[in-house]
Protein chains: 2
Amino acid sequence: MGMKVTIYDVAKKAGVSIATVSKVINNNTGNMRESTKQRVKKAMEELNYHPNIMASALMGKGTKTLGLLVPDISNPFFSEIAKVIEDRAHEKGYSVIMCSTDENEEKEKKNVELLQSKLVDGFIVGSTYRDKSIVQNLTKAGVPVVMLTQDDPVIDVSKVFVDDFKGGYEATIHHLQNGHHKIAIISEQRALASVKRTEGYLQALKTYGIQPRQEYMVRTRGTIANGIKAFGNLFQLPEPPTAIFACNDQLAIGVMLGAKEKGIKIPEQLSLIGFDDTILARATYPRLTTVAQPIAEMGKTVVDLLIEEIRLGCSKKERILYNPELIIRETTDKASKPDHIAKTE
Amino acid sequence: MGMKVTIYDVAKKAGVSIATVSKVINNNTGNMRESTKQRVKKAMEELNYHPNIMASALMGKGTKTLGLLVPDISNPFFSEIAKVIEDRAHEKGYSVIMCSTDENEEKEKKNVELLQSKLVDGFIVGSTYRDKSIVQNLTKAGVPVVMLTQDDPVIDVSKVFVDDFKGGYEATIHHLQNGHHKIAIISEQRALASVKRTEGYLQALKTYGIQPRQEYMVRTRGTIANGIKAFGNLFQLPEPPTAIFACNDQLAIGVMLGAKEKGIKIPEQLSLIGFDDTILARATYPRLTTVAQPIAEMGKTVVDLLIEEIRLGCSKKERILYNPELIIRETTDKASKPDHIAKTE
DNA sequence: ATGAAAGCGCTAACAA
DNA sequence: TTGTTAGCGCTTTCAT
């Protein structure tokens, strides 16, 4: 009972031609006798027939599969959004192949090639491609691509992302309003989003007339381990910062862990803000103040957009910008010594 | 420059037949002139040719794609192991399609069907299937399947998992050794692994001559929210437990959050142990004592096993059992009032 | 050592 | 309304 059942078996069983079966499969039953249709359907069920997607893909009908490229699936931000993407895709009859590129150039290229050979109808690119030509070649070849998270002007496709500048700005303003002057930023090395967040950070400082300091601006990969390291370096400075804006929650957790180890109290001695609002932000104690991205919305939108472009056969080149939201929890507080002001009080 | 280049284009350019090109693609160059081979290779490169996997799949060569079914990709345990699986698969030239089944029966069935149509060469099943026939039909149809995490005797395939009984036993013994008598367990409703962990829990109690109490045994879905709820219920008991064994880290985090809210101190007033040793266990404060699964090992093994079965064309039906390891961190401590013993001291 | 030709399971004109 | 047939791009005997 292991033999694969094909369209021929169904046709024979239903006493029709394979063309008729094909029409039933594809719902081209415009002018087909209802009885015929039913007979075919019954035969398909009885034989437990499932059309071979490969064969229809060969005919240019696509594979009903989406490729999802993320820099690191073990980062909760990406695993959370991957879940949303996968759900939405399935709702629409698509499956998704996911690749973690690990910010590794070779892997980036290999992953795309792996998915390319028509295995995939379109790509959602959440990774930070150093070699832009990888993505550019895709679009040049007519493969639908939507970028997630990165608003890279060099790559001319639809994009779904939050206003990173605003997120960085608001986070920093919050520190500032709490009386902090010595505010550090830990940003993700390769992420374009982090560049924007840094610009927001700088703008906020400027608004308050504060000169940015090079030693307060750390760039690194966005892992917990690097957050710990970054904190260690910042903490060793002759004048350590009293507040930190970490460009993702993992880095922020790293800071919390590092601070804990050194006996630095958060938020009493160090105010901290993360970015993403992943599960991590709620799981820590104290709970992390962070800039939320609308993960559910973004995931859903990026899928809908991509599928639409697949159907249309061309890119709509939309730039869908979401609003980040500062979620104030327990890692931020007033500066304990608001400098000169404190002295006069 | 957008036209797809086929084997015919390569053949024409190299001045050979498509059969020859095919041989080069598949490395059947046993008795082929080296010069011919090089000519073909050069043509392939110059045309940037990539074989169409669909077409070769149609010929029964497989898709070089693995299906991964997990109950919930946003659970760090699964996203962490998914990353490992994906890495290993890519190393071996396979891609992986991932589906979150969300412990939803309909989705389970739909996901499998989605992947079935020969889209996938084999399955890694990490989900808890209520309807066993879904997986059974797969193996009956000759599709390679390896189970991950669940050692279900009803399903006769290879399996990769930890000794859940031992994990549950050791966690509970640790509580017991700390002088706790009132130990609750929060287990995952549908996971077979949780059943085993519960058995270990019961065995440990028995060893210490402690009668299990029904009200200390909570079963629920393994999310943070449910952890909070479960703690709430346990806490309302006339005699609340002084220690909790949560069957995954997410539940444990929920307990921590719930305890925080009610002002219950961990570990002073409540000892807590989780399971999995995900990032969550290290991100919380205090850091979570938990039972570690060797995620990296397990992920690698399950891929290797599946690919081997795909190549062999038959199931090896191995049961690969890993050792869980209790990682003692900061959420467990001696019972503050070791009952009658405390009184005499 | 290389090539011709028959499919793999399906779709889409075009016939009937 | 239904069936015939020519491919889609590739692999694989079997000839040459």
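Order of the sequence lines fixes the chain letters, A, B, ..., with proteins taken first and strands second; residue numbering starts at 1 for each chain. Heavy-atom basis, side chains included; hydrogens, waters and symmetry copies ignored.
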Could you tell me the separation between the [atom1] atom of [X] and the [atom2] atom of [N], rounded to a whole number of Å?
{"X": "A:His50", "N": "C:dC10", "atom1": "NE2", "atom2": "P", "result": "12 Å"}
{"X": "A:Asn52", "N": "D:dC10", "atom1": "CG", "atom2": "C1'", "result": "14 Å"}
{"X": "A:Leu58", "N": "C:dC8", "atom1": "CG", "atom2": "P", "result": "14 Å"}
{"X": "B:Met44", "N": "D:dC10", "atom1": "CE", "atom2": "C1'", "result": "14 Å"}
{"X": "B:Ile18", "N": "D:dT12", "atom1": "CD1", "atom2": "P", "result": "13 Å"}
{"X": "A:Lys23", "N": "D:dT2", "atom1": "NZ", "atom2": "C1'", "result": "6 Å"}
{"X": "A:Ile53", "N": "C:dT11", "atom1": "CD1", "atom2": "C1'", "result": "15 Å"}
{"X": "B:Ile7", "N": "C:dA5", "atom1": "CD1", "atom2": "P", "result": "16 Å"}

Can you check whether [X] has a side-chain N or O nearer than 4.0 Å to OP1 or OP2 of [N]?
{"X": "A:Tyr8", "N": "C:dG7", "result": "no"}
{"X": "B:Thr20", "N": "C:dG3", "result": "yes"}
{"X": "A:Thr6", "N": "C:dG9", "result": "no"}
{"X": "A:Ser56", "N": "C:dC10", "result": "no"}
{"X": "A:Ser22", "N": "C:dT11", "result": "yes"}

Under 3.5 Å: donor-acceptor pair, side chain of B:Gln150, backbone of B:Thr128: no
Any donor-acceptor N/O pair, A:Thr149 side chain to A:Gly126 backbone, under 3.5 Å: no
Contact list for DNA chain D against residues 25-37 of chain A - heavy-atom distance below 4.0 Å: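 DNA chain D contact set from residues 25-37 of chain A: A:Asn31, A:Met32, A:Arg33, A:Thr36.
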Test item: B:Val146 and B:Val157 side chains (from C-beta on) under 4.5 Å apart, heavy atoms: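 Heavy-atom side-chain distance check fails, nothing below 4.5 Å.
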Flag if over 12 foreign heavy atoms under 6.0 Å of NZ, B:Lys42: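 No, because the 6.0 Å sphere around NZ of B:Lys42 holds 12 heavy atoms or fewer from other groups.
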Angle of first-five versus last-five pair axes in the helix from C:dA1-D:dT16 to C:dA16-D:dT1, to 10 degrees: 40°
Donor-acceptor side-chain pairing of A:Thr63 and A:Asp121 below 3.5 angstrom: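 Present: a donor and an acceptor within the cut-off.
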Polar side chain donor-acceptor pair, B:Ser158 to B:Glu309, under 3.5 angstrom: yes
Side-chain ion pair, [X] and [Y], N-O less than 4.0 Å:
{"X": "B:Arg88", "Y": "B:Glu91", "result": "yes"}
{"X": "B:Lys300", "Y": "B:Asp304", "result": "yes"}
{"X": "B:Glu80", "Y": "B:Lys83", "result": "no"}

Sugar-phosphate, base or nothing in reach of A:Val16, heavy atoms under 4.0 Å: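 Result for A:Val16 = sugar-phosphate.
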